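What follows is a set of notes on a single structure, which appears directly below.
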Amino acid sequence: MEQIGQMLLAANTQWVLIGTLLLGLASGILGSFALLRKQSLIGDAVAHAALPGICIGFMLTGERSLIILLIGATVTGLLAAYCIQYIASASILKEDTAICLILSTFFGVGIVLLTKVQQMPSGNKSGLDSFIFGQAAGMVSSDVKLMAGAAALLLIVTIIFFKEFKLITFDAEFAKGLGLPVSALNFLFMTLLVAVVVIGIQAVGVILMAALLITPAISARYWTNSLSKMVMISGLFGAISGVIGTLISSLDRGIPTGPFIVVTATIIFILSILFAPARGIITLKIKRRMTNHQLLREQGQVK
Amino acid sequence: MTNPIEIKKLTVAYDKTAVLKDIQFSVPKGSLTAIIGPNGAGKSTLIKAILGLIPKVSGDIKIYGKPYRAKDRLVGYVPQRGSVDWDFPTSALDVVLMGRYGHIGWFKRPGKEDMALAKESLKKVGMDAYANRQISQLSGGQQQRVFLARALVQDAQVYFMDEPFVGVDAATEKAIIQLLTDLKDQGKTVIVVHHDLQTVEEYFDHCILLNKEVIASGVTEEVFTLEQLHQTYGGKLAFLDKGKVMVEQTR
């Protein structure tokens with residue numbers, strides 16, 4: 001307890017918490033759209049495909065500058081996203097096959113490069129391996145501020161284009177008929193999605209980033225039938241997961257952040273699927289039992 | 001006076017095969033026109049090509065004498081009901097509001113006026129009691145009416161509807177017909193992809209018979225003849241008593 005109290009007082013921890021809170025919020029919100037656009041798996045592929053970009057960024061500059069690493073991650077992440085879309089549209093392969101192929105190829109190359117980096121004299125201290133499972137607590141203050149700022153920016157852009165994103169998600173053809181630039185909006189959304197994945201990988205890790213994108217969104221879907229509420233609830237769940245995961249991983253050195261963020265998000269998901277009003281499995285059971293009981297009572301079979 | 005819709009030499013292809021060849025027709029103001037033809041005749045494709053939703057190979061499309069531009073907001077569109085995921089988290093009123101997005105413009109939210117128009121439009125299709133209902137909880141006919149209400153708030157001059165009568169109950173069919181007649185009375189022009197040959201003469205004053213090319217187009221009494229239908233449907237026509245025709249459904 002005392003340990004947690006001390007930790008919370010540290011300025012860096014406070015920044016890390018704000019950072020993961022904003023990250024969870026942004027990824028929960030963008031994740032809702034990704035889920036409804038049936039693009040959950042693309043987020044996963046982009047996250048895995050960020051790894052080779054990070055390694056190449058490090059190898060080219062020889063230092064661990066977050067900006068460079070994130071640029072590398074964005075380049076390979078976007079490349080993967082476009083490879084998937086190209087393969088799905090131009091070949092006989094279906095999208096799921098294309099995602100599987102691209103995800104494993106890029107991640108495999110990433111691991112090869114990471115091994116190479118760790119053999120370099122400056123590489124073994126680089127801590128690039130923390131990108132695999134994420135290490136929010138170990139982030140330096142400038143990195144955290146960059147993550148928080150970028151997450152805030154993504155949030156603002158998503159809110160500005162909320163109405164348009166909603167329409168192209170529900171009915172892209174109608175949107176086109178209204179004269180909306182649907183391809184440009186699709187491109188913008190894809191860029192936002194890649195961006196949130198990329199800024200999240202240092203804190204959450206490439207393997208589990210997709211879970212922070214999708215798990216809050218599927219949990220939120222259980223609580224509401226309105227898109228704006230779903231987006232807000234999903235953002236809230238993402239933020240809670242981010243904060244709790246960070247707190248746990250700050251308890252000791254070497255505790256990765258990503259897995260604990262994902263475990264928290266999953267607990268929220270299980271609670272949602274069981275107890276959400278109107279849709280939760282147990283809520284429905286209780287409701288059915290109560291109506292049955294009432295029917296029987298009305299028929300005079302039970303007192 | 002210029003016709004609201006004037007199509008000349010329109011050709012559309014998927015990959016290398018032409019789905020629509022050398023389409024040519026015009027539709028007068030205030031008419032209700034049915035596009036009729038067998039499955040795979042390119043009926044939906046024709047609508048989508050006119051709206052610029054799919055690219056054309058060649059051809060000239062004029063709406064009120066000008067090349068079609070979505071920005072001019074002259075055209076309203078009712079897509080096939082099956083084209084969207086009705087599990088989407090949104091209400092009937094919300095879907096209707098989407099029809100206002102063209103008027104609202106960027107960066108703004110729907111205002112009070114948009115809200116009032118959307119509610120009024122739901123009322124016109126008899127769905128005002130369901131405004132806040134989640135769309136997956138509506139019946140097929142009710143979903144279709146929501147789509148119609150969304151097109152109504154677009155406040156367009158020309159309406160394209162893709163099979164609005166498919167899978168709807170009798171009440172909805174009546175509501176749609178009432179709506180089409182209202183639109184016609186307001187001088188608006190409506191083009192409907194239609195499947196049911198038995199109701200063509202009752203509902204529509206103009207027809208376009210289509211099978212990859214235009215077999216015939218014009219006033220229903222002149223165009224909707226057995227001979228022309230034979231030519232459109234090939235051998236797929238089956239005859240009923242009293243001169244009624246029906247199409248063998250191959251779906």
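Letters A, B, ... mirror the listed sequences (proteins, then strands); counts begin at 1. Predicted model, so just to flag it, every value in this text is computed and none were measured.
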(message) Counting heavy-atom pairs closer than 4.5 Å to chain B, which one of A:S32, A:S228, A:S226, A:G179 comes out on top?
(response) A:S226
Counting only heavy atoms closer than 4.5 Å, note whether [X] contacts chain B via side chain, backbone, both or neither.
X      : result
A:I159 : both
A:I160 : both
A:K229 : neither
A:T169 : both

Gap between atom [atom2] of [Y] and atom [atom1] of [X] - 0.5 Å precision:
X      : Y      : atom1 : atom2 : result
A:K166 : B:L97  : NZ    : CG    : 7.5 Å
B:D94  : A:F170 : CG    : CZ    : 9.5 Å
A:L167 : B:Y101 : CG    : OH    : 6.5 Å
B:N132 : A:N225 : CG    : CG    : 11.5 Å
B:Q80  : A:E173 : CD    : CD    : 9.0 Å

Looking at [X], I'd like to know if its [atom1] atom is crowded, meaning that more than 12 non-hydrogen atoms belonging to other residues, nucleotides or ligands lie closer than 6.0 Å.
X      : atom1 : result
B:Q137 : CD    : yes
A:Y82  : OH    : yes
A:E95  : CD    : no
B:R109 : CZ    : yes
B:K184 : NZ    : yes
B:K119 : NZ    : no
A:K94  : NZ    : no
B:Y130 : OH    : no

Looking only at heavy atoms, what is the nearest atom pair of [X] and [Y], with distance?
X     : Y      : value
B:F88 : A:R221 : C-NH2, 4.3 Å
B:A70 : A:K176 : CB-O, 4.2 Å
B:Y68 : A:G177 : OH-O, 3.4 Å

(request) Evaluate the ring planes of A:F174 and B:Y77, with Trp represented by its six-membered ring, and classify them as parallel (under 30°), tilted (30 to 60°) or perpendicular (over 60°). (result) parallel
(request) Give a yes or no answer on whether the side chain of A:K163 reaches the backbone of B:G105 with a donor-acceptor pair at less than 3.5 Å. (result) yes
Please state whether the side chain, the backbone, both or neither of [X] comes within less than 4.5 Å of a heavy atom of chain A.
X     : result
B:L51 : neither
B:D72 : neither
B:V78 : neither
B:K48 : side chain

(request) Would you sort out whether B:R150 and A:D171 count as a salt bridge (Lys or Arg N to Asp or Glu O under 4.0 Å), showing the intermediate values? (result) CA-CA 12 Å; B:R150 179 177 71 171; A:D171 194 346; 2.8 Å; yes
(request) Applying side-chain contact (heavy atoms from CB on, under 4.5 Å), run through A:L178 and B:R73 and close with a yes or a no. (result) CA-CA 7 Å; A:L178 283 184; B:R73 298 206 288 263; over 6 Å; no
